[in-house]
Amino acid sequence: MDGNTSGEDGNDIDWSTEDELEIESFTLSSSSSLTVPGREAIAGSGEASSSQGPSNSKVVDHFVGMGFSGKMVAKAIQEHGEENTDSILETLLTYSALESSPQEPQQVDCDDQFSSDSEASFLDDFSDIDSYSDNEDILNPTSEKNKKLLSLVNMGYTAEEASIAIERCGLDSTVVELTDFICAAQMARAEDAHLPLEEKPRLNHAYKKRKLLQYELLKKKKLMRLGNKTIDEDDETVHLPNPMVGFGIPSEPCLKTHRNLPEAALGPPYFYYENVALTPKGVWSTISRFLYDVQPEFVDSKYFCAAARKRGYVHNLPIENRFPLIPLPPHTIHEAFPLIRKWWPSWDTRTKLNCLLTSIASAKSTERIRKALEDYDGEPPLRVQKYVLDECRKWNLVWVGRNKVAPLEPDEVEMLLGYPKNHTRGISRTDRYKSLGNSFQIDTVAYHLSVLKEMFPNGINLLSLFSGIGGAEIALHRLGIRLKNVVSVEISAVNRNVVRSWWEQTNQRGNLYDLDDVQQLNGDRLEHYMTLFGGFDLVVGGSPCNNLTGSNRLHRDGLEGKESSLFYHYYRILDLVRSIKT
DNA sequence: CCCATAATGATCGGAAGT
DNA sequence: ACTTCCGATCATTATGGG
């Protein structure tokens, strides 16, 4: 990284990440302030807590002194008033409890041990529901085979295994029977090949998944029996924290500095999984249960930059001594776009942008807004204001002229998300929006990954699944963590080119291996890489959210959706990596 | 100009949260 | 009651190589 002098970027914007100087200067400052990470940053950022009013009473100090965060205290005071200290304390304790209490690890039924009895009853339940549930799609008998094939493939089996199983067991057999058949076949093969250890995780995977499916179905059945009465699904619902700050953010590191991970989840290797926070019900609990029962960390990137981005992260990284990337990115719309201030009407009270999506408003819609405004000299009537504001919020429009709003340019999105300027330049405009809309917010992810820096002073080997335009790689690079070997799996050739180009631009000294399809990354392939450079230190991945996000009007099918079910490949591959000894 | 492909524009609710 | 959202489909227009 020494010889990198690609400083040809016009540095009108100073968070361009190409600059190695940044990393070096940061390294210096961090080493001098290692004890209290983040403090320095706060001091430098001036008005970090801009969203809070100037509540500077003794009450605040009192509670902050007790160890609660300023934000929590402010919120509690807002709710109860300053006098009502008892209620404030109660609220604060509730907040803390909500954040720190892991769910009870009940549900023994999903765990390893099983008797043949329970197995049999499971089987009954399963086949029962499978054939009589209210799913309409089973009405078509000709698709029965394909449907079974598909669900087996979605469970992580190969199409070949699945079709053999169907052929042997007959079309009438239940999915459970089929998986049992495949498991047995795998077991036999594993013994043949003297590879019990390597093949075992695949069995575990399939087995665990099956159990989970059964669990879901049982629940569904129970739910149907209960009718529309209130259902006890406390064990099922994952509560989103409010404020959505996870285990802490740079401006307010949480008092919580440690968590107890389930033993099965401990690293190395470390893993870091990401997806949208607002999913259909049950999705996050399923993800969490697959990823070794680690509780997700839900974070809104509006605490890191000028745009919202509500995401859940499941990882087994330590959470103490995190530090943010320097320089801190702009935290408000006005900081991010100083020039728009003169056009920004006082009645548009936004300070943060909404989530950056994959497409932008049409020219016509901004034209409609201009037309709606041009008749008025001063403030338009409330009705017009509401129309305009609704549109602006919906499409993340900013003011760029008199009565003139416009969507963000691709390079502005790059900046907000923490990518190097022009990172995606060269591909089509549409593709840029799409790729960026699907990416990590660098500052957020880097904050979480920062703990790796002192653990791996010589760099890391990274397995990056669903890499997109390389958010994880860039975050690590900006942290000054050397990338020794990176295996990056990404289906889109356009995105792979972006990453490859970035890799060359930044004069990486490590090796980048890029693959195109997670589904073809099997144990052999992984073992090859792992013996080549001695295992992976970190497995990162944000699997497709197509079928999870609220923006999808047509196919919000949950984790079993066409694209989103690729999550199971993240789990499959992670479990393989964890089981292969090097 | 013809034809292919690529890029852009218009339009489409709803679940789950506060 | 009100807000938000890593989107998909189809029609239309732009682009480019012959």
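Just so we're clear, the structure is a prediction, and the values are computed from it rather than from any experiment. Within every chain, numbering begins at 1; the chains are lettered A, B, ... in the order of the sequence lines, protein sequences first and strands thereafter.
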Problem set entry | SB check Glu274(A) Arg311(A) (cutoff 4.0 Å) | yes

For this session: Any pair with a residue in residues 349-362 of chain A that passes side-chain hydrogen bond (donor to acceptor under 3.5 Å, both in side chains), sequence neighbours left out, goes on the list, sorted by first then second residue, please.
Result: Asp348(A)-Arg350(A)

For this session: Under 4.0 Å between any heavy atoms, over every strand shown, what does Lys434(A) touch: base, sugar-phosphate, or nothing? Just pick one.
Result: nothing

Problem set entry | Of the listed nucleotides dA7(B), dT4(C), dG9(B), the one nearest the side chain of Arg393(A) | dT4(C)

Exercise. Using a cut-off of less than 4.0 Å, is there contact between a side-chain N or O of Asn438(A) and OP1 or OP2 of dG7(C)?
Worked result: yes

Problem set entry | Ring centroid separation Tyr272(A) to Tyr313(A) under 6.0 Å | yes

Exercise. Whole-Å distance between dC12(B) P and Lys394(A) NZ?
Worked result: 10 Å

For this session: Kindly write out the residues that satisfy side chain to side chain donor-acceptor pair (under 3.5 Å) with Arg553(A), not counting sequence neighbours, or none if the list is empty.
Result: none

Problem set entry | Parallel, tilted or perpendicular: rings of Tyr570(A) and Tyr273(A) (30°, 60°) | tilted

For this session: For Cys355(A), report the nucleic acid contact type (base, sugar-phosphate, nothing); a contact means any heavy atom under 4.0 Å.
Result: sugar-phosphate

Exercise. How long is the line joining NZ of Lys310(A) and P of dC6(C), in whole Å?
Worked result: 8 Å

Problem set entry | Side-chain N,O (Thr358(A)) to OP1/OP2 (dG7(C)) below 4.0 Å | yes

Exercise. Which nucleotide in the set dG7(C), dA7(B), dA8(C) lies at the smallest distance from any side-chain heavy atom of His555(A)?
Worked result: dA8(C)

Might you list the N or O atoms of the protein lying below 3.5 Å from N or O atoms in nucleotides 15-18 of chain B, with each pair's distance?
unit_1  : atom_1 : unit_2    : atom_2 : d
dA15(B) : O4'    : Arg556(A) : NH1    : 3.3
dA16(B) : OP1    : Lys281(A) : N      : 3.0

Exercise. Reckon Gly468(A) touches a base, only the sugar-phosphate, or nothing at all at heavy-atom distances under 4.0 Å?
Worked result: nothing

Exercise. Between Thr549(A) and dC6(C), is there a side-chain N or O to OP1/OP2 distance below 4.0 Å?
Worked result: yes

Seminar exercise, completed: Separation of dT9(C) atom C1' from Glu563(A) atom CD, nearest Å, is 14 Å

Seminar exercise, completed: dA10(B) -> Watson-Crick or G-U wobble partner, both distances under 3.5 Å, gives dT9(C)

Exercise. So which one's nearest nucleotide on DNA chain B is more toward 5', Ile427(A) or Ser365(A)?
Worked result: Ile427(A)

Exercise. Does Asn546(A) place a side-chain N or O at less than 4.0 Å from the phosphate oxygens OP1/OP2 of dG7(C)?
Worked result: no

For this session: Please work out if Ser543(A) contacts a base, only the sugar-phosphate, or nothing of the nucleic acid, heavy-atom cut-off 4.0 Å.
Result: base

Problem set entry | Touch class at under 4.0 angstrom, heavy-atom based, for Arg429(A) against every strand present | sugar-phosphate

Exercise. Do the side-chain N or O atoms of Asn275(A) get closer than 4.0 angstrom to the phosphate oxygens (OP1, OP2) of dC6(C)?
Worked result: no

Seminar exercise, completed: DNA chain B nearest-nucleotide lookup for Arg553(A) and Ile360(A): closer to the 5′ end is Ile360(A)

Exercise. Closer than 4.0 Å, any side-chain N/O of Ser428(A) to the OP1 or OP2 of dA7(B)?
Worked result: yes

Problem set entry | salt_bridge(Glu367(A), Lys364(A)) N-O dist < 4.0 Å | no

